[in-house]
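Remarks on the structure that follows.
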Amino acid sequence: MLKKKMPVAEPYKIKMVEPLMMSNRDYRKKAIKNAHYNTFLLQSQDVYIDLLTDSGTAAMSEYQWAGMMLGDEAYAGSKNFYVLEEAVQKYYGYEFVLPTHQGRGAEHIISKLLIKPGDYVPGNMYFTTTRAHQELAGGTFVDVIIDEAHDAMSVHPFKGNVDLEKLQSLVDRVGKERVPYLNFQACVNMAGGQPFSLANLKSVSAYCRSQGIKIILDATRCLENAWFIKKKEPGYDCHSIAQILMEICSYTDGCTMSGKKDLLVNIGGFLGLRDSQLYEKACEFGTLFEGLHTYGGMAGRDMEAMARGIEEAVKEEHLDQRIGQVHYLADRIQEYGVPIVLPVGGHAVYIDAAAMLPHLSQDQFPAQSLAAALYVETGVRAMERGVVSAGRDKTSGEHNYPKLELVRLTVPRRVYTNSHMDVVAYGVGECLERRNKISGLNMTFEPENMRFFQARFDLISKKKTEKPQTGVRGQICGNSQSTTNNRYADQIKERLR
Ligand code: F0G
């Protein structure tokens, strides 16, 4: 029978190609060992399909490359800055625009501007760099995302929503003067790229405005969030992505932006603000940490490419294909019976490593182990998003044990074809086949901040991995976490049921 629905294909054709290195298993075994079982420490030339991140890895269009030739590399007042400013004003609606070298540059500035030591910063789950800057400024991050976001099996359509009751109880507990702003992230990365709904943002915004608490949007993947609103939220199917984006931003006081995701560039970001006084202060910090307020760490040509990226990224056919490809990968992976976070988000497929490797305790870093095994299997590079990424509690010094122990397969924009996605799914399926042979890891080197980037690991000897302790998990690295790990073991059992 003929299919009735027109398939979604790439709204572009390929003009230039970059050859990939094909390697064999033995080569990859050595490469991952040399990289201390941390995919961040692999050389990219040793990777076949690189799904480490969707950050800065997009293929730019001919329109963006043409814009690069128009770079005005003046120290002050580059014409490309004004093009960028106009694009942000037109699509995001923030009057004041401060370029930054990437998203964390904007996070640094907003944290320094708004947080006083002892303040609390609520957010819909943390992102690593965002929370680090909040803590560096003396703040404490408080998670106010809905409970469903922490449950890999929940199919809530808007797992990025804020739980208003959690927010209210924080404000009641510490006082509104201790809560400078709420960080509202679009397509929540650590939850699996899960969107918020406009209805939720609207009610949270009304509450925050009544309390004098600002809302700062993490707009990094806001266009993908807008796409989900259009597809899933009642009343928005006839709105354009640009209209939804503008409405989202209208409920917020400013945004931090990593242009390296939604905006289809390899480097760049910005801080968007509405308040002129805040902007003036932001310019002072920007000049100090990033560069003058009309370039903020970016070359003129890069600002031009990002401005043009804004125009391209709001097009619905682009988002249909981009998110469609992520969902294509998810479907193929599920055909192999691999457990993934549902619903599938906008930028990545997240494998539930805890459910896939129940023989490993969380202290044996199941997601880190799976990412290393996947590389050996097919040369696919993924990223750990579990206990390693969650770091340690600043007060107790213990690991933060997230409920989700995930491996992220992040799809770069406009880079790979669906044949590549088939290979990735095959590799994940192979890992599932031989999951009992995947051994856990010991951490042998641990940086104090953002440890996941540079931490080093070693394989736990086979004997230990294949003989998990009964009752108390986590004894291999000491048993101080026995309660946490018992809970973790129960959760896994629950999921496997
Ligand atoms: N906010 C979110 C939600 C992010 O995902 C990132 C980066 C940032 C802020 C920081 O932006 O990298 O430009 O400084 N995420 C990348 C990732 C690193 O792989 O998910 P940046």
Side-chain angles (χ1 to χ4, degrees), residues 38-40 44 50-58 98-111 121 123-136 141 143 145 149 159-160 182-196 216-225 248 252 254-272 286 289-290 296-298 302 305-306 309 326 341 345-350 367 371 381-386 388-391 404 406-413 415 449-454:
N38 184 346
T39 52
F40 276 103
S44 99
D50 202 347
L51 304 192
L52 184 71
T53 178
D54 64 331
S55 180
T57 51
L98 183 66
T100 58
H101 75 286
Q102 59 184 80
R104 66 199 72 181
E107 291 169 352
H108 181 198
I109 294 169
I110 200 73
S111 302
V121 189
N124 52 345
M125 209 177 262
Y126 79 100
F127 183 70
T128 51
T129 55
T130 322
R131 187 177 68 186
H133 282 298
Q134 292 164 355
E135 287 171 353
L136 279 174
F141 163 79
D143 190 4
I145 202 164
K159 280 163 117 176
L182 166 80
N183 196 81
F184 216 131
Q185 193 191 139
C187 274
V188 181
N189 197 350
M190 304 302 271
Q194 304 295 332
F196 57 69
I216 301 297
L217 174 73
D218 181 339
T220 298
R221 296 183 183 85
C222 202
L223 288 166
E224 291 170 5
N225 202 124
I248 292 173
T252 70
C255 83
T256 55
M257 179 67 173
S258 169
K260 299 169 74 176
K261 283 81 166 174
D262 263 359
L263 303 187
L264 303 164
V265 286
N266 306 121
I267 194 71
F270 62 83
L271 179 64
F289 298 118
E290 297 285 313
M298 293 182 75
D302 290 323
M306 191 159 78
V326 173
V341 174
H347 67 301
V349 178
Y350 289 71
R381 170 153 70 171
M383 187 194 286
E384 191 265 7
R385 293 277 82 156
V388 182
S389 297
L404 301 177
L406 308 173
V407 169
R408 188 181 77 171
L409 297 164
T410 339
V411 183
R413 295 164 184 82
V415 172
N449 291 302
M450 314 288 284
R451 64 183 184 178
F452 57 96
F453 284 126
Q454 273 133 7

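Just so you know, these numbers come straight off a predicted model, no measurement behind them. Order of listing sets the numbers, starting from 1, for every ligand and every atom in it.
- Atoms of ligand 1 lying under 4.0 Å from at least one heavy atom of Thr220, given by number and element, are 1 (N), 2 (C), 9 (C).
- Looking at ligand 1, you'll find an N or O of Asn189 within less than 3.5 Å of one of its N or O atoms.
- Remark: ligand 1 and Met383 share no N or O pair separated by less than 3.5 Å (distance only, no angle test).
- Salt-bridge formation is detected for the pair Asp50/Arg381: a Lys NZ or Arg NE/NH1/NH2 atom is positioned less than 4.0 Å from an Asp or Glu carboxylate oxygen.
- For a threshold of 3.5 Å applied to N or O pairs, the pair formed by Asp54 and ligand 1 contains no separation below that value.
- Applying side-chain contact (heavy atoms from CB on, under 4.5 Å) to Tyr350 and the options Met190, Arg408, Gln194, Met383 leaves one that passes, Arg408.
- Using modelled atom types and a 3.5 Å distance limit, the side chains of Lys261 and Ser55 yield a donor-acceptor pair.
- For Tyr126 and Asn189, the side-chain atoms include no donor-acceptor pair closer than 3.5 Å.
- Salt bridge annotation for Asp54-Arg221: present, with a cationic side-chain nitrogen under 4.0 angstrom from a carboxylate oxygen.
- Residue Thr129 has no nitrogen or oxygen atom sitting less than 3.5 Å from a nitrogen or oxygen atom of ligand 1, judged on distance alone.
- Backbone and side-chain nitrogen or oxygen atoms of Arg104 are examined, and one is located within less than 3.5 angstrom of a nitrogen or oxygen of ligand 1.
- Atoms of ligand 1 found under 4.0 Å from any heavy atom of Thr53 (numbered from 1 in listed order, with element): 17 (C), 19 (O).
- The contact set between ligand 1 and Gln185, taken as ligand atoms under 4.0 Å from a residue heavy atom, comprises 3 (C).
- In terms of protein heavy atoms, atom 16 (C) of ligand 1 is closest to Lys261 NZ, 3.3 Å.
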Does the pair Leu223 and Leu263 meet the rule for a side-chain contact (heavy atoms from CB on, under 4.5 Å), with working shown?
CA-CA 9 Å; Leu223 288 166; Leu263 303 187; 4.2 Å; yes
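- In summary, the side chains of Ser389 and Glu384 do present a donor paired with an acceptor at a separation below 3.5 Å, with no hydrogens or angles considered.
- No donor-acceptor pair closer than 3.5 Å links the side chain of Asn124 to the backbone N or O of Val188.
- For ligand 1, the polar-atom distance check finds an N/O of Arg408 within less than 3.5 Å of one of the ligand's N/O atoms.
- For Gln134 and Ser111, the side-chain atoms include no donor-acceptor pair closer than 3.5 Å.
- The contact set between ligand 1 and Lys260, taken as ligand atoms under 4.0 Å from a residue heavy atom, comprises 13 (O).
- Listed by number with element, the atoms of ligand 1 under 4.0 angstrom from any heavy atom of Gly103 are 11 (O), 13 (O), 14 (O), 21 (P).
- Not a single heavy atom of His347 sits closer than 4.0 Å to an atom of ligand 1.
- Distances between N or O atoms of Asp218 and those of ligand 1 include at least one value under 3.5 Å.
- When Ser258, Ala106, Ala186 are checked for heavy-atom proximity to atom 13 (O) of ligand 1, Ser258 turns out nearest.
- With hydrogens and angles left out, the side-chain atoms of Glu107 and Thr129 include a donor and acceptor closer than 3.5 Å.
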